[in-house]
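Let me begin by presenting the structure, written as structure tokens, before commenting on it.
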Amino acid sequence: MIAMVDGDNFYVSCERVFNPRLEGLPVGVLSNNDGCVVARSRELKALGVALGAPLHLLPPAIRRQAVLLSSNYALYGDVSRRVNRVLAEFSPDVEPYSIDESFVGFTGFDPGALETHCHRLRETVRQWTGIPVGVGVAPTRVLAKVANRLSKRMPAYEGVCRLDADSDVTRRVLQQLPVTQLWGVARRTGERLALMGIETAWQLREADPKQIRSAFSVVLERIVWELRGHPAIELEDVNAPRQRILVSRSFGRLSGELGDLQAAVRQHATRAAEKLRRQGSLAQAVLVFLRTDPHRVCDPQYTNSQVVALEEPSDATPALLEAARRALAAIFLEGHRYQKCGVMLLDLMDAERRQLSLLDEPKDAWRRDRNRRLMATLDRLNREMGRDTVRFGLPHADSAWALRCQRRTGRYTTRWDELMRVRTG
DNA sequence: TCTGGGGTCCTAGGACCC
DNA sequence: TCTGGGGTCCTAGGACCC
């Protein structure tokens with residue numbers, strides 16, 4: 001059996017841990033740039049605010065009534081790690097899946113005692129971290145997701161719901177569940193399934209896996225097997241190195257200035273390089289993209305991207321910055337007002353397994369070693385003394401591309417200075 | 001005025017090879 | 001009228017996730 005554990009309104013719950021006055025109030029957390037609502041407390045949901053609702057389209061009455069906060073990912077990430085440490089007390093097999101969800105394997109545990117065990121798990125997470133979680137237990141991940149959903153919607157379960165593969169309860173649940181509510185089935189697939197007369201999770205479960213595979217894909221076939229209680233989905237290790245690294249942001253306001261774009265691309269490439277070194281990889285190519293604002297239908301639209309290959313695989317910020325600069329120069333057009341740009345690092349490889357070239361000369365090895373030590377020193381300074389203590393190039397003051405996040409609460413668990421605001425603020 | 005960011009996997013189809 | 005066959009690799013794009 002496997003459990004899916006996930007935080008109730010996770011971002012809101014994190015905020016409430018550090019500000020109990022938010023309990024009982026309609027609270028929302030906003031995306032980057034304070035753009036739209038990405039997490040809602042139960043009270044905010046009750047006011048009819050949809051997930052993803054743009055902030056500027058919320059009725060004034062709701063904006064007055066609700067507490068709307070900028071997102072504070074440093075805080076949420078830290079709380080998430082704490083929750084996972086608690087889960088590890090209950091099983092050696094914890095697989096973090098996203099910032100607010102983890103699978104917990106219970107292979108070899110006494111099936112009869114599982115629910116009691118999960119109730120204790122849930123209470124301990126609440127006590128030690130302050131985060132309320134729901135727990136869904138089932139033989140497969142897809143069913144565990146369904147069970148998790150039930151654990152939150154049906155008060156009778158008190159936060160822990162178990163679904164066995166062939167019980168009457170499972171059948172009734174799946175018969176009432178629209179197929180698009182399943183993990184891995186979204187609108188597009190739902191539309192095509194409806195044409196075949198498959199609208200509930202139960203109907204999908206009863207479909208012929210081979211037929212599903214040929215009409216759709218192996219992905220959907222696996223979901224059929226999982227619904228029947230046969231595990232078919234393995235999770236890739238979230239700690240495995242990423243295969244590509246993307247850093248992008250919408251601008252705080254639109255800009256047509258090359259200088260603004262260059263500054264933003266520099267910043268994104270710098271961040272991407274830090275992520276790259278943290279996971280011990282080298283990049284072989286850099287992609288830069290930019291685009292105008294698709295919501296301004298009257299403005300001329302332009303979107304483009306360019307890949308620049310590096311001369312040799314690298315994790316050195318200057319090499320990546322230079323490639324990004326050239327990529328941007330290749331696609332920048334005067335006369336557009338840009339809304340977003342980003343930098344992607346591609347063809348990543350393990351730094352330990354660099355292919356040595358026959359053409360290498362001693363000075364190449366020396367240069368690489370010097371670069372490596374320079375980057376390591378820079379990362380250490382920025383880690384210990386604060387981000388951007390040492391950086392390449394200067395930031396623009398009041399940059400057009402800077403994020404708006406005026407409603408952010410303190411990063412209480414990772415910044416001493418901001419923790420103090422709890423007491424003084 | 002104001003609409004997020006960062007990922008993965010799979011498939012189809014083209015290029016290329018012998 | 002009929003114009004090989006089989007394989008690999010790569011890329012773009014679709015679909016999905018949180």
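Chain identifiers are assigned alphabetically (A, B, ...) following the order of the sequence lines, protein sequences preceding nucleic acid strands; residue numbering begins at 1 within each chain.
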Legend entry - Rounded interatomic separation in angstrom, taking CD from Glu95(A) and P from dT8(B): 16 Å
Legend entry - Proximity to the side chain of Leu246(A) - top-ranked nucleotide from dG5(B), dT3(B), dG7(B): dG7(B)
Legend entry - From dG6(B), dG4(B), dG7(B), nucleotide with atom closest to Arg242(A) side chain: dG7(B)
Legend entry - Ring-on-base stacking dT3(B) with His56(A) (under 5.5 Å, under 30°): no
Inset, instruction - Identify which nucleotide among dG6(B), dC10(B), dG5(B) has an atom closest to any side-chain atom of Asn33(A), counting heavy atoms from C-beta outward. - result: dG5(B)
Inset, instruction - Fit a plane to each ring of Phe103(A) and Trp183(A), take the angle between them on a 0 to 90° scale, and name the class: parallel (under 30°), tilted (30 to 60°) or perpendicular (over 60°). - result: tilted
Legend entry - Distance between P atoms of dT3(C) and dC17(B) (Å, rounded): 24 Å
Inset, instruction - Determine whether the aromatic ring centres of Phe106(A) and Phe90(A) lie less than 6.0 Å apart. - result: no
Inset, instruction - Find which nucleotide of DNA chain B each of Gln243(A) and Cys36(A) is nearest to by heavy atoms, and output the residue with the more 5' nucleotide. - result: Cys36(A)
Inset, instruction - Return the 5'-most residue of the pair Val219(A), Gln339(A) with respect to DNA chain B, ranking by each residue's nearest nucleotide. - result: Gln339(A)
Inset, instruction - Go through dG4(B), dC10(B), dC2(B) for me and flag the one nearest to the Arg296(A) side chain. - result: dC2(B)
Legend entry - Per-nucleotide protein contact string for nucleotides 11-18 of chain C, where B marks a base within reach and S marks sugar-phosphate only (heavy atoms under 4.0 Å, - for neither): ----SSSS
Inset, instruction - Could you state the atom-to-atom distance from CG of Asp299(A) to C1' of dT3(B) in whole Å? - result: 15 Å
Pair up each side-chain donor or acceptor in residues 309-320 of chain A with any protein partner under 3.5 Å, not counting sequence neighbours, and list the distances.
residue: Glu312(A); atom: OE1; partner: Arg368(A); partner atom: NH1; Å: 3.1
residue: Ser314(A); atom: OG; partner: Ala316(A); partner atom: N; Å: 3.0
residue: Thr317(A); atom: OG1; partner: Arg277(A); partner atom: NH1; Å: 2.9
residue: Thr317(A); atom: OG1; partner: Arg277(A); partner atom: NH2; Å: 3.4

Inset, instruction - Kindly assign one of parallel, tilted or perpendicular to the pair Tyr338(A) and Phe332(A), based on the angle between their ring planes and the thresholds 30° and 60°. - result: tilted
Legend entry - Interatomic distance where CZ belongs to Arg337(A) and P belongs to dT3(B) [whole Å]: 12 Å
Legend entry - Base-pairing string, 5' to 3', of DNA chain B - Watson-Crick or wobble, under 3.5 Å, | interstrand: ....||||||||||||||
